[in-house]
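Before any comments, here is the structure.
Here the structure is a predicted model, which is why all the values come from computation and not from measurement.
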Amino acid sequence: MTTATAPLPASGPVPAPRWARRAAHAIALCALPSGLWRIAMASGIHVGYSEQVLRDVFDIPGWGIAYVVGLSVLAELAALFPLLLVSDRRQPLRPRTLAALAWTASALLVLVALWQLVVAFTVESRTYMSDGTARTVWALAFAPLFAIPPLMTAVTWSYGRRQRQRQ
């Protein structure tokens, strides 16, 4: 006599919730406006700084272009990191290492966001930029960056929770 047995559930990866996937994609999109603003500055488009400030403070034209474009590329690559946490594909790092790296990145992002608030409201940061439309465009380009720390923390929490469920 044979008995029917139910198939055992597969212990594969636990898929990321829809909200975590959306948050990870939102992080990449939040970094985009500031990167485009920096690239516009490096390209010579007037973004609110005088020619003298660009030359003396930012070294544009010159090595400042490489710095500003490199910073934009690095920021966007870092903003793509959360997509690793919601991907169902093979991870480049072990889950524990990736989780530790993600929590460290979340903590650093919170600190950087707080520091940026301090810098944004200091006297020195206000003296170089012209008032009016340029300052408004700057604020609109950099404002989405403040959404990244809570989004990254939520995506990291979701990843850690899924990894604990897997074990």
Side-chain angles (χ1 to χ4, degrees), residues 16-89 91-93 97-159:
R18 178 177 286 151
W19 65 265
R21 288 182 184 278
R22 288 183 179 166
H25 285 85
I27 291 170
L29 292 176
C30 284
L32 197 58
S34 61
L36 292 174
W37 184 89
R38 284 189 209 101
I39 289 172
M41 182 175 87
S43 300
I45 297 172
H46 178 71
V47 293
Y49 293 118
S50 69
E51 293 290 325
Q52 182 181 357
V53 169
L54 286 175
R55 202 173 34 255
D56 297 343
V57 177
F58 296 106
D59 196 24
I60 294 175
W63 285 102
I65 293 173
Y67 170 74
V68 170
V69 171
L71 181 63
S72 297
V73 169
L74 185 65
E76 194 58 42
L77 286 174
L80 294 175
F81 171 73
L83 294 175
L84 285 174
L85 301 177
V86 296
S87 174
D88 295 333
R89 297 182 180 176
Q91 303 292 332
L93 299 171
T97 305
L98 194 59
L101 186 62
W103 280 116
T104 303
S106 293
L108 284 173
L109 284 169
V110 168
L111 290 175
V112 167
L114 291 174
W115 178 250
Q116 288 299 316
L117 282 173
V118 170
V119 169
F121 293 109
T122 61
V123 175
E124 184 176 335
S125 68
R126 292 176 179 228
T127 58
Y128 295 131
M129 172 112 17
S130 60
D131 288 331
T133 306
R135 188 177 297 276
T136 304
V137 170
W138 174 83
L140 290 174
F142 282 84
L145 293 178
F146 292 107
I148 292 176
L151 289 171
M152 180 65 184
T153 303
V155 171
T156 302
W157 175 80
S158 172
Y159 178 77

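With hydrogens and angles disregarded, a donor-acceptor distance shorter than 3.5 Å links the side chain of S43 to the backbone of I39.
Once rounded to the nearest 0.5 Å, the distance linking CG of L36 with CD1 of I45 reads 10.0 Å. The distance from atom CG of L140 to atom CZ of R135, rounded to the nearest 0.5 Å, is 13.0 Å. The OG1 atom of T133 sits 9.0 Å away from atom NE2 of H46, with the distance rounded to the nearest 0.5 Å. S106 OG to L111 CG: the interatomic distance, rounded to the nearest 0.5 Å, is 11.0 Å. Between the CG atom in L29 and the CD atom in E76 there is a gap of 8.0 Å [rounded to 0.5 Å]. The distance from atom OG of S34 to atom CG of L145, rounded to the nearest 0.5 Å, is 4.0 Å.
Every residue two or more places apart in sequence or in another chain was checked for a salt bridge (charged side-chain N to carboxylate O under 4.0 Å, His left out) with R38, and none qualifies. Every residue two or more places apart in sequence or in another chain that forms a side chain to side chain contact (heavy atoms under 4.5 Å, CB included) with A134 is listed here: M129, S130.
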task: Apply the test side chain to side chain contact (heavy atoms under 4.5 Å, CB included) to residues C30 and F146: give CA-CA distance (whole Å), side-chain angles for both, the deciding distance (0.1 Å), then the verdict.
output: CA-CA 9 Å; C30 284; F146 292 107; over 6 Å; no
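Among all heavy-atom pairs drawn from A102 and L85, the shortest one is CB-CD1, 3.7 Å. For the pair S72 and G35, the tightest heavy-atom approach, listed with the atom from each and the gap, is OG-O, 3.4 Å. Closest of all the heavy-atom pairs between W19 and A154 is CH2-O, 3.5 Å. Across A31 and I148, no two heavy atoms sit closer than the pair N-CD1, 4.2 Å. The two residues L109 and P149 make their nearest non-hydrogen contact at O-CG, 3.4 Å.
In this structure, the side chains of P82 and Y159 stay at 4.5 Å or more apart for every pair of heavy atoms. Within the 4.5 Å cutoff, the side chain of F81 has heavy atoms near those of the L84 side chain. Inter-residue side-chain proximity for M152 and I27 is flagged as met; some heavy-atom pair is nearer than 4.5 Å. By the 4.5 Å heavy-atom criterion applied to side chains, W37 and V137 are counted as neighbours.
The aromatic rings of Y49 and F58 lie tilted to each other, with the angle between the two planes from 30° to 60°.
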Under 3.5 Å, which donor-acceptor pairs do the side chains of residues 61-70 form with other protein atoms, sequence neighbours left out?
none

